Amino acid sequence: MPFGIGAAGIVGVAFETTAGTYVAPAKFMPLVSESLEFNQEVTKRRVIRGTPDPIGSVKGNGVVGGDISVEVLPDVLPWFLYASRCTVVKTGSGPYTYVATGNSSGSPTSGRTLSITIVRNGVVFGYTGCIVASSDYSVKDGVLQASHKIVGMDEATQSSPTPTWPTSVPFGMGTYTLKFDTVTDATVSDMTISIDDNGQAEFRLAGTTGADVVRFGERTTKISVTRDFIDRTEYNKYRALTAENFDLTVLNGTESVRYQIPVAVMDSYEIGMSNPGDMIRAKIDFMGDYDATTTASWKITVVANTENIT
């Protein structure tokens with residue numbers, strides 16, 4: 001086989017009926033990068049037996065982990081949301097609306113784990129029992145992208161799929177509307193939305209080296225922005241721990257993605273001056289608290305023209 005390059009790679013996902021049992025891809029997605037792999041612990045036998053060297057290797061626990069970075073597309077994002085720690089409600093008959101809100105489940109419910117198929121240089125890898133442990137959403141070169149941290153149960157070689165690619169287009173500059181407390185904000189440039197559910201693999205004495213279940217832990221919802229410093233208004237809110245309603249909408253025609261964090265409290269506020277010609281800007285981190293009204297710390301709404309996930 002000749003050497004291969006990443007441009008020929010393929011990534012596809014499918015929901016599993018039984019967690020950890022492989023299902024061939026039902027959805028393929030354009031990829032920015034991926035680092036998914038199966039990591040196996042190996043115990044070196046070092047016993048007193050007349051030699052200072054290891055005398056053999058014993059298999060330990062194995063786990064799937066890594067990141068998948070993709071453009072945020074309305075017909076791709078819902079697949080990752082369904083495998084996240086949230087409740088998804090779908091309505092409509094085309095366009096379809098998916099409303100995802102964070103919940104408190106300890107592990108994925110039935111049908112909410114993914115089989116992820118990756119083809120590298122014509123070689124197929126099938127990762128099973130995968131969940132989205134955390135997600136970062138940010139704007140890079142004007143394009144909204146997502147990096148999803150994956151934790152899975154096991155891995156096995158599968159047959160090569162034939163991809164069908166999505167039709168949605170990325171969200172670029174001119175599609176963003178950012179609001180704090182319903183007021184449009186034009187002072188923010190760099191922005192990252194992070195939802196970390198601390199997903200971990202759990203192992204039991206159950207006759208397999210792969211994880212027996214993947215679970216969620218404590219959640220941290222965070223927004224990081226760089227903002228033009230105009231006056232003390234936002235700084236005073238930081239001092240007073242005043243919560244704000246964060247609301248970002250990206251819109252392409254009839255397709256859209258909306259991020260809402262109703263109770264965002266500034267956790268840090270960094271401001272200073274360096275070079276004489278630099279604009280004075282503030283680097284701010286918000287932490288999302290639980291909102292009793294919506295019973296969640298975050299909500300993501302996706303409107304997709306044709307993606308009908310069943």
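The structure presented is a predicted model; accordingly, all values stated were derived computationally and were not measured. The chain is numbered in sequence order, starting from 1.
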Exercise. Without hydrogens or angle criteria, can the side chains of Ser194 and Asp196 be said to hold a donor-acceptor pair below 3.5 Å?
Worked result: no
For this session: State, yes or no, whether a side-chain contact exists between Val303 and Thr254 at a heavy-atom distance under 4.5 Å.
Result: no
Exercise. Taking the side chain from Thr226 and the backbone from Ser189, do they hold a donor-acceptor pair closer than 3.5 Å?
Worked result: no
Exercise. Members other than Ile55 in its cluster, when Ile, Leu, Val, Met, Phe, Trp, Tyr link by side-chain heavy atoms under 4.5 Å?
Worked result: Val47
For this session: Tell me whether Tyr269 is reachable from Met287 by hopping between hydrophobic residues (I, L, V, M, F, W, Y) whose side-chain heavy atoms are closer than 4.5 Å.
Result: no
Problem set entry | Nearest-0.5 Å distance that lies between atom SG in Cys130 and atom CD1 in Ile68 | 7.5 Å
Exercise. With a 3.5 Å cut-off and no angle check, do the side chains of Lys44 and Ser57 form a donor-acceptor pair?
Worked result: yes
Exercise. Which residues, ordered by chain and number, are linked to Ile131 in its hydrophobic cluster, where ILVMFWY side chains connect at heavy-atom gaps below 4.5 Å, directly or through other members?
Worked result: Val63, Val151, Met153, Phe203, Val214, Phe216
For this session: List, by chain and then residue number, the residues other than Met279 in its hydrophobic cluster (Ile/Leu/Val/Met/Phe/Trp/Tyr, side-chain heavy atoms under 4.5 Å); write none if there are no others.
Result: none
Exercise. Other hydrophobic cluster members with Ile230, side-chain heavy atoms of Ile/Leu/Val/Met/Phe/Trp/Tyr under 4.5 Å, chained?
Worked result: none
For this session: Can you label the angle between the Phe15 ring and the Trp79 ring as parallel, tilted or perpendicular, going by 30° and 60°?
Result: parallel
Exercise. Hey, does the side chain of Arg215 reach the backbone of Gly199 with a donor-acceptor pair shorter than 3.5 angstrom?
Worked result: no
For this session: Decide yes or no for Thr91 and Val99: does some side-chain heavy atom of the first lie under 4.5 Å from some side-chain heavy atom of the second?
Result: no
Exercise. Among the clusters formed by ILVMFWY side chains lying less than 4.5 Å apart, do Val225 and Tyr176 turn up in the same one?
Worked result: yes
Problem set entry | Any side-chain heavy-atom pair of Met266 and Arg239 under 4.5 Å | no
Exercise. Under 3.5 Å, is there a donor-acceptor pair linking the side chains of Asn245 and Lys179?
Worked result: no
Exercise. So which pairs with a foot in residues 22-75 pass ring pair (Phe, Tyr, Trp, His ring centres under 6.0 Å), sequence neighbours left out?
Worked result: none
Problem set entry | Same cluster (ILVMFWY, side-chain, under 4.5 Å), Val119 and Ile116 | no
Problem set entry | Check: Glu155/Thr128 side-chain N/O donor and acceptor closer than 3.5 Å | no
Problem set entry | Heavy atoms from other residues, nucleotides or ligands near CG of Asp278 exceed 12 (cutoff 6.0 Å) | yes
Exercise. Just by distance, with hydrogens left out, do Thr21 and Glu16 show a side-chain donor and acceptor under 3.5 Å apart?
Worked result: no
Seminar exercise, completed: With sequence neighbours left out, the residues meeting side chain to side chain contact (heavy atoms under 4.5 Å, CB included) with Arg258 are Asp247, Thr249, Gln260, Thr301
Exercise. Are the side chains of Leu248 and Ile193 in touch, meaning some heavy atoms are under 4.5 Å apart?
Worked result: yes
Problem set entry | Heavy-atom pair with the smallest gap, counting every atom of Pro74 and Val302 | O-CG1, 3.5 Å
Exercise. For Phe180, which residues count as a ring pair (Phe, Tyr, Trp, His ring centres under 6.0 Å) partner, sequence neighbours excluded?
Worked result: Phe246, Phe286
Problem set entry | Test: Arg120 cationic atom under 6.0 Å from Phe125 six-membered ring centre, within 45° of axis | yes
Seminar exercise, completed: Taken to the nearest 0.5 Å, the spacing of Arg281 CZ from Asp190 CG works out to 6.5 Å
Problem set entry | Partner set under side-chain hydrogen bond (donor to acceptor under 3.5 Å, both in side chains) for Thr221, not counting sequence neighbours | Ser297
Exercise. In Å, rounded to the nearest 0.5 Å, how long is the span from OG of Ser84 to CG of Leu114?
Worked result: 8.5 Å
For this session: Check ring pair (Phe, Tyr, Trp, His ring centres under 6.0 Å) between Tyr127 and all other residues, then give those that pass, not counting sequence neighbours.
Result: none
For this session: Could you go through the side chain to side chain donor-acceptor pair (under 3.5 Å) check for Asn103 and Thr87 one step at a time?
Result: CA-CA 6 Å; Asn103 62 31; Thr87 300; 3.1 Å; yes
Exercise. Given side chains that start at C-beta, do those of Tyr238 and Arg232 come closer than 4.5 Å, heavy atoms only?
Worked result: no
Exercise. What's the spacing between Met29 CE and Leu77 CG if we round to 0.5 Å?
Worked result: 10.0 Å
Exercise. Between Val88 and Arg112, is any pair of side-chain heavy atoms under 4.5 Å apart?
Worked result: yes
For this session: For Tyr259, enumerate each residue passing the ring pair (Phe, Tyr, Trp, His ring centres under 6.0 Å) test, keeping only those at least two apart in sequence or located in another chain.
Result: Tyr137
Exercise. Do Asp185 and Arg227 meet the salt-bridge criterion of a basic N to acidic O distance under 4.0 Å?
Worked result: yes
Exercise. Distance from Asn252 atom CG to Asn305 atom CG, nearest 0.5 Å?
Worked result: 10.0 Å
Exercise. Side chain to side chain contact (heavy atoms under 4.5 Å, CB included) between Ile261 and Ile223: does it pass, once the steps are laid out?
Worked result: CA-CA 9 Å; Ile261 299 175; Ile223 312 160; 3.5 Å; yes
Problem set entry | With Phe171 via ring pair (Phe, Tyr, Trp, His ring centres under 6.0 Å) - residues at least two apart | none
Exercise. Is any side-chain heavy atom of Cys86 less than 4.5 Å from a side-chain heavy atom of Trp298?
Worked result: yes
Exercise. So does Arg85 pair up with Asp197, basic N to acidic O under 4.0 Å?
Worked result: yes
Exercise. Pairs in or reaching into residues 288-310: which pass salt bridge (charged side-chain N to carboxylate O under 4.0 Å, His left out), with residues at least two apart or in two chains?
Worked result: Lys27-Glu307
Exercise. Would you call Lys222-Asp285 a salt bridge at under 4.0 Å N-O?
Worked result: yes
For this session: Measure the shortest side-chain to side-chain distance between Glu41 and Lys59 over non-hydrogen atoms and say whether it is less than 4.5 angstrom.
Result: no
